[in-house]
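Structure first, commentary second.
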There are 2 protein chains.
Amino acid sequence: MVKVKIDERAEQRILAAAKKIFLSKGLDGARMQDIADEAGINKALLHYYFRSKDKLFETIFMEVAKHFLPRVSEIFESGKPLFDKIELFCETYIQQMKETPYLPLFILGEATRRPETFVKKVFGNRKPPVHLFVAQVQQEIKSGNIKPVHPLQLLIDILSMCVFPFMARPMLEHVAGINKKQFDAFIEERKKLVPEMIIASLKNN
Amino acid sequence: MVKVKIDERAEQRILAAAKKIFLSKGLDGARMQDIADEAGINKALLHYYFRSKDKLFETIFMEVAKHFLPRVSEIFESGKPLFDKIELFCETYIQQMKETPYLPLFILGEATRRPETFVKKVFGNRKPPVHLFVAQVQQEIKSGNIKPVHPLQLLIDILSMCVFPFMARPMLEHVAGINKKQFDAFIEERKKLVPEMIIASLKNN
DNA sequence: GTCTATATTCCGATAGAC
DNA sequence: GTCTATCGGAATATAGAC
């Protein structure tokens, strides 16, 4: 009884430590020793629980990858009006990136270096239903409710503005001369500004 | 005479090889053997010319980092009208990223993992004159020529939409189901669409 | 300058005591 | 399950012949 509890706690501590180290250093830059130190246990125990570095990495990758497309399906499949979906999308994304700021660089870095394995790991067999978003945009255009735009370009515009600032954070802090607190305020402001700008660009005069 | 020529060519081949390998694999993922193979020479020669892996990396990083802020100073310092600057900025950035698509992930990845050393390496002591852009935007707002916006948010909006698609390429190709040719067309289209959208969002009714 | 061979360091993985 | 000690391979770096 007590033993099981301790084991579980060790395993959980390893997972938390591995997540932190892999996210910040990447697969190649991470050391098993770093993870062991972070978890407060011995290197050998990592292998006891997860057999190899690759296995441990895969476990972490699968676990965090799903947060990179947070609730996208849910949002796209909801019956909400387009502008509501855009607002919710931005809010959801920016909030998720605030909680896991290393995530985009980690996922896209590994996806670029290992494109073949990436696809299956992140998406399994289910892709997010982009076509639903595309169809809705086309419908609104046909109805004359918004200006004619390329739906996919629009989606990438939104995604770019929500995610990129977190990836460019060190550059941004230096070039613009802002500190961490100001960065947080800057990001918080974007939750409103990004959807406002997108929606403004879609509206007819 | 001949010797010098051969030496120079070896050194140049090493630099080209190192650039390719470091950009695609990062510092941690790159192997000296990979670089030697790519350059068609022996591992020992890398150390003869550049002493260590770190030194070689630093050489490459300094050389490519400047392309990450392509002609930004030049554009900001030009006397052009704001909308012209925005168009030129987008055109310049997207063109640069087309030529070196690995660059943003490489620079921002290394910048995140090694923030302390990054700043000096990329910028030296000279930051791009963001304040000029900010001042010009504020001036246009005061004159009533554009809607009131936060200049820095605007700048990040533009930068995000120009750079992010290249970083998200593998995801984009899979989720949207497009191939390399279609991606190129998609990107080419953005050279027009991004400044159009930005400018549209700035115009008063 | 360029190579082969080797030294050195580092790191993932395992063996075995407790 | 957890530890210490160690193995074995891989990667950086150097020595030395040509």
Side-chain angles (χ1 to χ4, degrees), chain A residues 1-63 106 109-110 113-114 117 121, chain B residues 1-63 106 109-110 113-114 117 121:
Chain A
M1 203 66 124
V2 173
K3 266 194 182 178
V4 172
K5 268 196 176 175
I6 291 172
D7 300 349
E8 281 175 358
R9 288 196 59 239
E11 189 166 352
Q12 290 309 311
R13 286 223 311 283
I14 291 172
L15 285 170
K19 183 172 168 178
K20 178 174 173 182
I21 299 295
F22 278 135
L23 273 168
S24 58
K25 301 193 176 188
L27 172 56
D28 295 323
R31 297 287 153 253
M32 294 295 266
Q33 188 65 58
D34 298 338
I35 297 172
D37 291 348
E38 177 74 27
I41 50 93
N42 191 276
K43 246 195 323 178
L45 214 53
L46 299 178
H47 290 92
Y48 174 80
Y49 279 107
F50 297 96
R51 189 171 166 77
S52 74
K53 184 185 178 183
D54 280 351
K55 289 268 200 305
L56 177 55
F57 177 79
E58 177 140 345
T59 305
I60 298 299
F61 190 91
M62 301 273 279
E63 137 67 17
F106 173 74
E110 300 297 336
R113 297 201 216 302
R114 297 165 183 86
T117 64
K121 285 182 185 170
Chain B
M1 202 66 123
V2 173
K3 265 192 181 178
V4 173
K5 267 198 176 175
I6 290 173
D7 299 350
E8 281 175 358
R9 289 195 58 242
E11 188 165 353
Q12 290 310 310
R13 286 223 311 282
I14 290 172
L15 285 170
K19 184 171 168 178
K20 178 174 174 182
I21 299 295
F22 278 135
L23 272 168
S24 58
K25 301 193 176 190
L27 171 57
D28 296 322
R31 297 287 155 251
M32 294 295 266
Q33 188 64 58
D34 298 338
I35 297 171
D37 292 348
E38 177 74 26
I41 49 92
N42 191 276
K43 252 194 317 179
L45 214 53
L46 299 179
H47 289 92
Y48 174 79
Y49 279 106
F50 296 96
R51 192 171 165 77
S52 74
K53 183 184 177 182
D54 280 350
K55 289 269 201 305
L56 177 54
F57 178 79
E58 176 141 345
T59 305
I60 298 299
F61 190 90
M62 300 271 280
E63 138 65 17
F106 173 74
E110 300 298 336
R113 297 200 216 303
R114 298 163 183 85
T117 64
K121 285 183 185 170

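In what follows, chains are A, B, ... by sequence order, proteins preceding strands, each numbered from 1. Heavy-atom basis, side chains included; hydrogens, waters and symmetry copies ignored.
- Distance, A:Ile14 CD1 to D:dT2 C1': 10 Å, rounded to whole Å.
- Using a 4.0 Å cutoff on non-hydrogen atoms, no part of residues 17-28 of chain A comes near DNA chain D.
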Side chains of residues 14-25 of chain A: which donor-acceptor partners sit under 3.5 Å, not counting sequence neighbours?
residue	atom	partner	partner atom	Å
A:Lys20	NZ	A:Glu38	OE2	3.2
A:Ser24	OG	A:Lys20	O	3.0
A:Ser24	OG	A:Ile21	O	3.2
A:Lys25	NZ	A:Asp34	OD2	3.3

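- The distance from the CD1 atom of B:Ile41 to the OH atom of B:Tyr49 is 9.0 Å, given to the nearest 0.5 Å.
- The shortest side-chain heavy-atom distance between A:Asp28 and B:Leu27 does not fall under the 4.5 Å cut-off.
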### Message
I'd like to compare against my own output: the B/S/- annotation of nucleotides 3-15 of chain C with a strict under-4.0 Å heavy-atom distance to protein.
### Response
BB------SBBBB
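- Partners of B:Asn42 by side chain to side chain contact (heavy atoms under 4.5 Å, CB included), not counting sequence neighbours, listed by chain and number: B:Ala44.
- Annotation: salt bridge (charged side-chain N to carboxylate O under 4.0 Å, His left out) contacts involving residues 41-59 of chain A, sequence neighbours excluded, comprise A:Glu58-A:Lys121.
- Judged as a side-chain hydrogen bond (donor to acceptor under 3.5 Å, both in side chains), and not counting sequence neighbours, A:Arg31 has no contacts.
- Remark: A:Phe50 engages no residue in a ring pair (Phe, Tyr, Trp, His ring centres under 6.0 Å) (not counting sequence neighbours).
- Scored by the side-chain hydrogen bond (donor to acceptor under 3.5 Å, both in side chains) test, B:Asp37 finds B:Gln33 as partners (sequence neighbours excluded).
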